[in-house]
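These notes concern the structure reproduced below.
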Amino acid sequence: MSTRYNHREVEPKWRARWAASAIDRALAPEEAKGKKKAYVLEMFPYPSGRIHVGHSRNYTMGDVIARFRRSNGYNVLHPMGWDAFGLPAENAAMERGIHPKGWTYDNIAAMREQLKLLGLAIDWSRELATCDATYYKHQQAMFVAFWKKGLVYRKKQKVNWDPVDNTVLANEQVVDGKGWRSGAPVETRELEQWMFKVTAYAEDLLAAIEKLTKWPDKVRLMQSNWIGKSQGAKIWWDIESAPAFLPASPAGEPNHARDPIEVYTTRPDTLFGASFLALAPDHPLTKAIAAHNPEVAKFIEQCAHLGTSEADIEKAPKFGVDLGVRVRHPFDPNWILPVWGANFVLSTYGTGAIFGSPAGDQRDLDFANKYNLPFKPVVLPPGADAATYAVTDEAFADDGVIYNSKFLDGLGTRDAITRAIDELVKLEKGEATTQWRLRDWGVSRQRYWGCPIPAIHCATCGVVPVPEKDLPVALPEDVTFDKDKPGNPLDRHPTWKHVKCPSCAGDAQRETDTLDTFVDSSWYFARFTDPNNPDAPFDKKLAGYWLPVDQYVGGVEHAVLHLLYARFFTRAMRDCGFLDGVADGEPFASLFTQGMVVHETYKSAAGAWLLPEDTDIKDGKRIELNTGAPVDVGAIEKMSKSKKNVVDLDAFVNDFGADVARWFVLSDSPPERDVEWTASGVKGAWNFVQRVWSLTDAHGHPAPKPGEPAPAMEPEAHALRQLAHRAIQSVTDDIENFRFNVAVARCYELVNAIAKLKSEDGGSLFARGEALRILAQLISPFMPHLAEECWEKLGFLGFVATAPWPEADPALAARTSVTLPIQVNGKKRAEIEAPKGAAQADVEKMALEHPLVAQFLEGQTVRKVIVVTDRIVNIVAN
RNA sequence: GCGAGCGUGGCGAAACCGGUAGACGCAGCGGACUUAAAAUCCGUUCGCCGCAAGGCGGUGCGGGUUCAACUCCCGCCGCUCGCACCA
């Protein structure tokens, strides 16, 4: 009789043994002696509080890869750290009067202990937190270096301003155009901000995507669209008339007053369909007119309440105002068009001015219809008739044939664009140009809990960097977070910002903005290669040895920004002399984006969110555990603290064990897709753990060593050996390709087959022992504790975690015959068993002779027989 | 609004390059063991028709390409993610 597997004893025992043997420590390059390196990294967490099972999926996936690589003889670097600056710490400070630092470090301590429960093969000696001055000191040094290299500058940027709280709001703090705390309508304000010149690398960031072949295509496409290189034309529209109050232009400053208005377009072929010009609300000309025209001022004011997020601006109903300016069409000086201000024109893209060609752009068409602006179609869709084709509510934005357009008539869209640009150049009214959607990265945040920007404002010397010897510029800890004293605590700190200018020694002030937390996460992967270096961000040799990250694992929500910023930072670090050995500037050689863990949401009758553990199922209905009241079962959503649909990791590990949690999040759903956390799924994982253990325990013999010669055996035992060796092939391949759910299914098949072989003869004992050994090894990346316990039970010394990965015997894994389906006219009618690789003629003969097939072919003529070797036979007959 | 992705039994899913749709798990049903329950074991499970052999239908919806379509193409519907100050 077998003993029950007790995870409460087994799991801590093995974690202690691994720690005592330091098996998770990455070897220094000189220790690694010919081993290849593998740097496996999961996106590091924000220390929000406690870990729930939803978080565990990301780390478990990385851990499977890390353990798999180690078994395959690699020197593995698998570190963990904390993305520890950010808004939630300040919110906690304001709501509960806890200092962000204490709150953050308490959370880190709690989460570290929880993560350790999972049995992750992490080199904890490399742990870092971005809020440590030992970390951000180097970030400040790099900021200064980037500055000196011309990659940092200052520029006015729009921000969301809460007029009641007197503070800048993040986009997520703006709800329906109002501040989330004050409820006051947000205003748009312009602030002088620090910028990183990401656009300096635009061409390279785009071109290099092609070489990132181990990234998901969807992420590559999103990056590429985000960078958004477009070819088009700048067009200058001469002003025909303007309100009298507009002054003459200052010399040499474009887009002022009476200068021609510069417009960017990708579709100069539709110029003859132009109906109006539209300027962004913050276009210089719009602002200049607003100073004298109350109606335009009101328009700008209305736009200022839309928020700064692109989604909000584009979703808002379109509105505008006639600016009273008239321009001449570049191809026809007698054609006069009105100039409008419009809320859907983005000042951050192109020149902040467009020409509206309503028949070819839905936004322009909606706008023209709303304000009764005339328009006519100039692009004829393929197959449409010029005499009858008309546009009313639906624009045609695709390629077609140009008409109603004088010298462009009859040309296709592509040719017409070239022809139109040629004409613009000839008339000196425009030129071809390349435009990027990518903008420079604004890194200033008016917040306390972030990395201070190492700059000093001096009335005499201007803005000067903090000298390297004075770094780090440390955050002061004696700050207050009273709700009635809004704004940035750094700014109102009594002494912190007052310093002497490093160049003239006069009175000066520190920059009180801190850095966007995306900066912290743009280089942490490099710091992990040399995390305790006091003098430099990292040693160039160590970073050169470990980088790039061989496998990066994280959520799709980071597909654009974090990854783009890290790619930028790696290039900037290279070009500023911090980093060698990453010549192409790419930090992540291979990327995997995993799906989330989702769970049903529960609400009480009173409308309060309920934790799953506070509910139960009675008579098929979900009720509140304490009161028995019925529970409202809501949507299945991403596990989040706010909706309480979380399962706490500690409690779960205590009840079921870390291995069950690890196995569950990897079974069933493909890793890139979301997985729903369910009690029944947990049960399946739990049963499997028990089954693996009871089979191993019941075997009662030491298992044969890898490569040990097999005795003669019955066909059933031989079949088990074949299946076990095929499982090695499949699981190896599945892990390599991130098909963890399929690997899990193969392990189930192996267990089922082991359980089926009941004989106790020598051959069977050998086959079963070998299969159990292979099973323990195959599950070891997934369920490391159970695997160690089985490994020990089977009589092996040392850790399964460090044992070499099993190798399949090709002779056993190979198949000698295959089952071929036979179709008649595409429908399966029979099956035949044929030798693997059998000649097509032989297979065809067998197929046609099959009685069922013959029956179907009666009275019909065989027209064609398709034989796909080892796959299928299809007989076409009528 | 723009960009990207996803959609297969009662449920999670598998199906590698266009070649047997539903591997594997959960749940269900039938049975064995048991005083009983749990656990375990055996069998069974896409729908419809049929005693059966077998047949017909079936991968969100509508078309198309092909000897053959979950897979490729066109058009819809639904859901999810990102949109630059959440991380």
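Lettering follows sequence order; numbering is per chain, from 1.
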Per the O4'-C1'-N9-C4 / O4'-C1'-N1-C2 angle with a 90° window around 0, C17(B) comes out syn

Of the options A87(B), G55(B), C83(B), whose atoms approach the side-chain atoms of Trp226(A) most closely? C83(B)

Out of A4(B), G12(B), A84(B), whichever nucleotide has its closest atom nearest the side chain of Ser669(A): G12(B)

If each of Lys158(A) and Asp674(A) is mapped to the nucleotide of RNA chain B with the nearest heavy atom, which maps nearer the 5' terminus, i.e. the 5' end? Asp674(A)

Donor-acceptor pair present, Gln446(A) side chain and C85(B) base, under 3.5 Å: yes

Just to be sure I understand the geometry, which residues of residues 675-686 of chain A put a non-hydrogen atom under 4.0 Å away from RNA chain B? Ser680(A), Lys683(A), Gly684(A)

Kindly point out which of C67(B), A87(B), G5(B) is positioned nearest to the side chain of Lys218(A)? G5(B)

Would you mind reading off the distance between Asp870(A) atom CG and C17(B) atom P, rounded to a whole angstrom? 17 Å

Tell me which of Asp733(A) and Arg363(A) sits closer to the 5' end of RNA chain B, going by the nucleotide each one is nearest to. Arg363(A)

Output the single nucleotide from C86(B), A84(B), G57(B) whose closest atom is nearest the side chain of Lys827(A). G57(B)

Taking only heavy atoms on the protein side, list every residue of residues 313-320 of chain A lying under 4.0 Å from any atom of RNA chain B, sorted numerically. Glu314(A), Lys315(A)

Over all strands shown, is Phe518(A) touching base, sugar-phosphate only, or nothing at heavy-atom distances under 4.0 angstrom? base

Within the structure shown, what part of the strands sits under 4.0 Å from His562(A) by heavy-atom distance: base, sugar-phosphate, or nothing? nothing

Taking only the side-chain heavy atoms of Glu172(A) (C-beta and beyond), determine which of C86(B), G3(B), A15(B) contains the nearest atom. C86(B)

Does Arg673(A) put a side-chain nitrogen or oxygen below 4.0 Å from OP1 or OP2 of G7(B)? yes

Protein-to-nucleotide contact annotation, 5' to 3' order, nucleotides 18-24 of chain B [B base; S sugar-phosphate only; - none; under 4.0 Å, heavy atom]: -BB--BS

U8(B) to A15(B) separation - P atoms, rounded to the nearest Å: 15 Å

Any side-chain heavy-atom pair of Val519(A) and Phe85(A) under 4.5 Å: no

Leu87(A) has its side chain closest, among C85(B), G5(B), A87(B), to A87(B)

Polar contact flag, side-chain donor to acceptor under 3.5 angstrom, Asn752(A)-Arg691(A): yes

Determine if the base of G28(B) is syn or anti; take syn to mean the glycosidic torsion is within 90° of 0. anti

